[in-house]
Amino acid sequence: MDGCVTDVTLNQGNLPNLETRYFLNESKIGQILLEQRLIKPEQLADALEKQQALSSPQLLGELLVQLGYVKESDLQHILDTYQKRRSFITVLLAQNSLSKEDLDIAQEMSRSEQLPLDRVLLNLDFVTEETLARAIATYVDRSFVHLDKIRSNVKTGLAKSIISFSTAPHKMAPIAIDGKAITIAMNRPLPHKELKRLEELIKLKVMTVIAPESEIVEAQLRDSVLSDGGNPEERGLEIPDSIMEIMAGETEESAVEHDAQRVTEQDSLLVKLVNKIIYDAYQQKASDIHIEPYPGKNDIVVRMRVDGKCLIYQRLPCKYKYAIPSRIKIMAELDIAERRRPQDGKIDFKRFGPVDVELRVATMPTVGHLEDVVIRLLNVGKPMPFNQLGLTARNRTVFETAINKPYGLILVAGPTGSGKTTTLHAAIASINSSEVKIWTAEDPVEITQKGLRQVQTNTKIGLNFATILRSFLRLDPDVIMVGEMRDLETASIAIEASLTGHLVLSTLHTNSAPETILRLLEMGLDPFSFSDSLLCVLAQRLAASLCGHCRQKYRPTETELSGLIDEYGADAFAANGINRESIMLARPIGCDYCHKTGYLGRIGIHELLECSDTMKGLIRVKSGTEILRKQAMSEGMTSLKQDGILKVMQGLTEIQEIRRVCIR
């Protein structure tokens, strides 16, 4: 029940002490509302009179909302503030929905796996989705409904605004509007502040009911509006269950070269096909979509990168080899007549499909007068909490100390897609406050934060990192984040800024922390200025994480454990003081949550080089990578591979995955 009613997270058994029905009598609730000046005496009297006249009992607060005398957001805030509910667990147990033994198992797993309790209950099949939704409805004193047969009477533009307001874990679908009030089905109620924001956005009083999440998602897909104007086929709103459903009726005979020229980018089937590919990629949490047409009668191969690995998603008839790239180029507002040169653009997919996601598109001419298309799905959203980055205790202490310095240079290194931007935003979020002025220059802006002033580069008009960074220095910043140090000019300005009272954070595409220092020196930076400014270098990778729902923990054999320790380094392992007997490994099993792969999501692997006085001296004389590495290791740095092996010994991933992502 992550975020249910209040901002309190129902994880690890840390449950708010709230009541499902009001502790106090109805007149006491009315008295509280009067004292808070949320209703008038005559409104309370009218509501009590109507309540007594009702044939079936109804809560006073619920009736006041229906009469329009009080906003639901205000009522729920009062209930939470005055603690008038039972705990959610008490509700489940009282409804005989859950045994005490099952609850104990779920709570233990919620704590150990750091998952929301309601998600664990569903994963273990201890409760059904409907049972959970009914319990939530009872918990927050709202009606439970089934949406299967409900058709919304809400206008399309308003429905689009409400659906776009939906964010995990809150799913919403408007179902009825009456005068100045609107009824919205939710899988769990919004926190008080968010509900207020929604009411301000749509200029209506919001009344909520509770429905199963899957039914709300179906209602969103059924009733969402994809764009203003145009016909439903062009929008491709109806997302079919499978590619095969779209391709029904296709035959081998149709896949010939002249048919490929006849398929147009506005073909309704093609529109649905492209939307389905993007929608499935979003659902599978893919980072990239690769569309690869081949000459002749060969099928088009569509691959998706999920958790860092490229997997074949589908093979499509060759008749679409020209039309699919053209359709995507139209969505990205690119030149469909230009097939000889690479192009890049972006797509706001909520104009075309039922999910709000931003896409980056890049095309590349290939043999046979064809074009490959790569689409990157940008997870625009809030920064990851700093404590979820997966840093070891030593790395976290060093990194936290660095980001709380008033000035200096912090670098995060790694290949494309290794989570560098996520790490930087998590670090900035930990120091983001009204007293600190923070500017960022990014390409593109993927994560947004309140309080940050964020700028996106535009090379077409000469707005590159160096230009933006130079302008930042005239804007009185405290903290500056630069998306990447691509050249000497950008690096030089960043070091100048870090030496003149600013904290500067940036990234580089290098393999390790020591190599990052050497790369910048080879660019031509002054080693004295660079060494004076540098605080630390964090190199990182992302490794596939074992699925928390199905992974199987086991005690390793002595041979297996000795092999891991030798790979880590026997002396270094002994210095860590880890008890061999306590080490538990894990292996992948496969379940519905991880699509039978055994892996779900990714974890960070890090090495953090702290720029000590000794390290500064080595930088000034331009010491080699190995000398820098040995010094850093003597000061407590663990290599990428060592950090990965530690996570293997925690049962988070497998050693094969660490070997895959770590060069040495």
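In what follows, every heavy atom counts, from backbone to side chain, and hydrogens, waters and symmetry copies are set aside.
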**Q.** Ionic contact status for Arg340 with Glu338, cut-off 4.0 Å
**A.** yes

Q.
Salt bridge check, Arg376 against Asp288: does any charged N sit closer than 4.0 Å to a carboxylate O?
A. yes

**Q.** ring-ring contact (aromatic ring centres under 6.0 Å, His included) contacts in which one or both residues fall within residues 426-459, not counting sequence neighbours
**A.** Trp439-Phe472

Q: Walk me through it: do Glu610 and Ser612 pass the test side chain to side chain donor-acceptor pair (under 3.5 Å)?
A: CA-CA 6 Å; Glu610 184 179 11; Ser612 63; over 6 Å; no

Q: Please determine if Glu657 and Arg602 form a salt bridge, counting it only when a charged side-chain N lies under 4.0 Å from a carboxylate O.
A: no

(Q) Atom CZ of residue position Arg519 - does it have more than 12 heavy atoms of other residues, nucleotides or ligands inside 6.0 Å? (A) no

Q) Got more than 12 heavy atoms from elsewhere within 6.0 Å of CG, Asn387? A) yes

**Q.** Presence of salt bridge, Glu194 and Arg197, under 4.0 angstrom
**A.** yes

Q: Answer yes or no: does atom NZ of Lys309 have more than 12 heavy-atom neighbours from other residues, nucleotides or ligands under 6.0 Å?
A: yes

**Q.** Beyond-backbone contact of Lys641 with Arg659, side-chain heavy atoms, under 4.5 angstrom
**A.** yes

Q: Would you mind reporting whether Asn432 and Val436 have side-chain heavy atoms less than 4.5 Å apart?
A: no

Q. Crowded around Arg453 CZ? As in, over 12 foreign heavy atoms under 6.0 Å?
A. no

Q: Inspect the contact between Lys420 and Glu484 and indicate whether a charged nitrogen and a carboxylate oxygen are less than 4.0 angstrom apart.
A: no

